[in-house]
Number of protein chains: 2
Amino acid sequence: MATKRAPKLARAEREAERRKTILRAAVEVFSRKGFQGCRIADVAREAGVAYGLVYHYFKDKDELLGSVFESGWQGFLARVQAALSEQTDFESRIRSVVHVAFEAYRRDPRGVKVLILEVGRSPSGGAVNRGSAFTDVIELAAGIFAEAQARGEMASHLDPKLTAALFFGSIEMGLTTFVVGLMERRDDVLERARDQVAETFLRGVTHARAPAASAAEALPSEAPWNSAKSGTRSRAARRD
Amino acid sequence: MATKRAPKLARAEREAERRKTILRAAVEVFSRKGFQGCRIADVAREAGVAYGLVYHYFKDKDELLGSVFESGWQGFLARVQAALSEQTDFESRIRSVVHVAFEAYRRDPRGVKVLILEVGRSPSGGAVNRGSAFTDVIELAAGIFAEAQARGEMASHLDPKLTAALFFGSIEMGLTTFVVGLMERRDDVLERARDQVAETFLRGVTHARAPAASAAEALPSEAPWNSAKSGTRSRAARRD
DNA sequence: GCGTTCGTTGACTTCGAAATCAGCGAACGG
DNA sequence: CCGTTCGCTGATTTCGAAGTCAACGAACGC
């Protein structure tokens, strides 16, 4: 038994490689035509393999989408968790997560596009395991926010779960501006966007003033930052 | 000519009514099964009309989706613009828009769900006129942010377009938590969420400190709100 | 009332993509 | 060098949903 394993393993590796090739092709095609809008034939052609082979590696179209999702999401989650374990204080963590997301986009725009546009939303993606994955991430992040609150690093009256949702919403929308071509995909623009997402979110969440309740009324003009260092604000208008 | 118009008009009204019925049914079915995942037969059955009638009022499935999108989006846009024209100062405007969005969800969760999940994203929706509509709204909002910056009501170093995207991203994600059932759909929860979205965003955007450039590094602990009036912040916790 | 229009019907046709499968041939064992 | 396995092929089958259309009948004008 053991003696004939060596070649078998080599073969297994080649198969795994094939599988990855198809997966990559699927990402490529999905990003161009969308999951529903593309044919298995497209994926096969893109991968340079026969139509039937796709079905050799994946039970059906849904499983293919599921695998695309899983492999992409897995990678992202791993990086996020790594980033989280490297940092301890709240602000650094937030910046790290944002950084990871934008970096992922810079490295693999197509993959991120598919994750955001195809599986991130839409009931078709929901059929896979999107629902749980999405929820899981929110819950995970919610834990971090709750912890930050306990340590006094974050305003305590905010709902952690909702805050987590808003956080990822900001990241996602920040990336979406690039995905749909609203912003030019250039490294410096990406960096500025990344920083703005992180800074804006942090500002919004870090120690907001007291209850505020349903304060849809007057804005206290004696807000701290007005009396502090507002000397330069008159020169604010930059963009028509 | 004029004499025979009265009955004709009555008939025309009935037709418009039929059309609306089908449109409503489409929203209902789309929200349950998704655009791609549902059959015209489903829409017809839901509307209580014959299969062929759907094709009498709409050229094809795409046009049906387009109409659903347009009618929904039109209503939303109109309310947003009304809200904007009623308010002049920046903070009130932001709160108004958030309010409008959440109110729309409270009144018609299904419709909002379809807008968010089906047409708001996905290349299939993009085939319609989503692309332009989405972009248009961002551009519109960007104008408001630019104006706010000119008036000194908003931090000047933020990119208006990106800010607009983040704004709608926050709203959308805030609503998504309810759409996917992450948050319980109850009026008081909705209200709290709405306020948190508005407050968090405003805090994040209103007069952030100077350039900050690529400040992904240290957080200056002499941030204005720390040294100013932080005396009451310990009593902030209200809920659990 | 009587003919005509036209909204309405739903069985039928069409079409295209998913999924199948019988067989080929390269890689391997002996 | 021959036999066998099994990864791989792509024409073929299957299936289901989009879109058509001929006919019906209710509402209308005369």
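The chains referred to below are lettered A, B, ... by the order of the sequence lines, with proteins before strands, and numbering in each begins at 1.
The distance from atom CG of A:D60 to atom P of C:dA18 is 11 Å, rounded to the nearest whole Å. Atom pair A:R45:CZ and D:dC8:P shows a separation of 20 Å (rounding to whole Å applied). Remark: C1' of D:dT14 and OH of A:Y55 are 12 Å apart, rounded to the nearest angstrom. Separating the CD atom of A:Q36 from the P atom of D:dA18 is a distance of 12 Å, rounded to the nearest angstrom. Atom P of nucleotide D:dA18 and atom NZ of B:K59 are separated by 14 Å, given to the nearest angstrom. Rounded to whole Å, atom C1' of C:dA18 lies 16 Å from atom CG of A:L53. When rounded to the nearest whole Å, the span between CD1 of B:I22 and P of C:dT8 equals 8 Å. As rounded to whole Å, 13 Å separates atom C1' of D:dG16 from atom NZ of B:K33.
Checked against C:dA18, D:dT9, C:dT9, the side chain of B:R18 finds its nearest nucleotide in C:dT9.
Remark: B:K61 fails to qualify as a cation-pi partner of B:Y55 under the 6.0 Å distance and 45° angle criteria applied to the six-membered ring.
More than 12 non-hydrogen atoms from other residues, nucleotides or ligands lie less than 6.0 angstrom from CZ of B:R19.
Here the shortest heavy-atom pairing between A:V205 and A:M154 reads CG1-CG, 3.3 Å.
You'll find a donor-acceptor pair under 3.5 Å spanning the side chain of B:Y51 and the base of D:dA18, going by distance alone.
Tested against B:F35, the residues B:D62, B:L64, B:V114 include a single side chain to side chain contact (heavy atoms under 4.5 Å, CB included) partner, B:D62.
Applying the 4.0 Å criterion to OP1 and OP2 of C:dT8, one finds that B:H56 has every side-chain N and O outside that range. Taking only side-chain nitrogens and oxygens, A:Y57 comes nearer than 4.0 Å to OP1 or OP2 of D:dC8.
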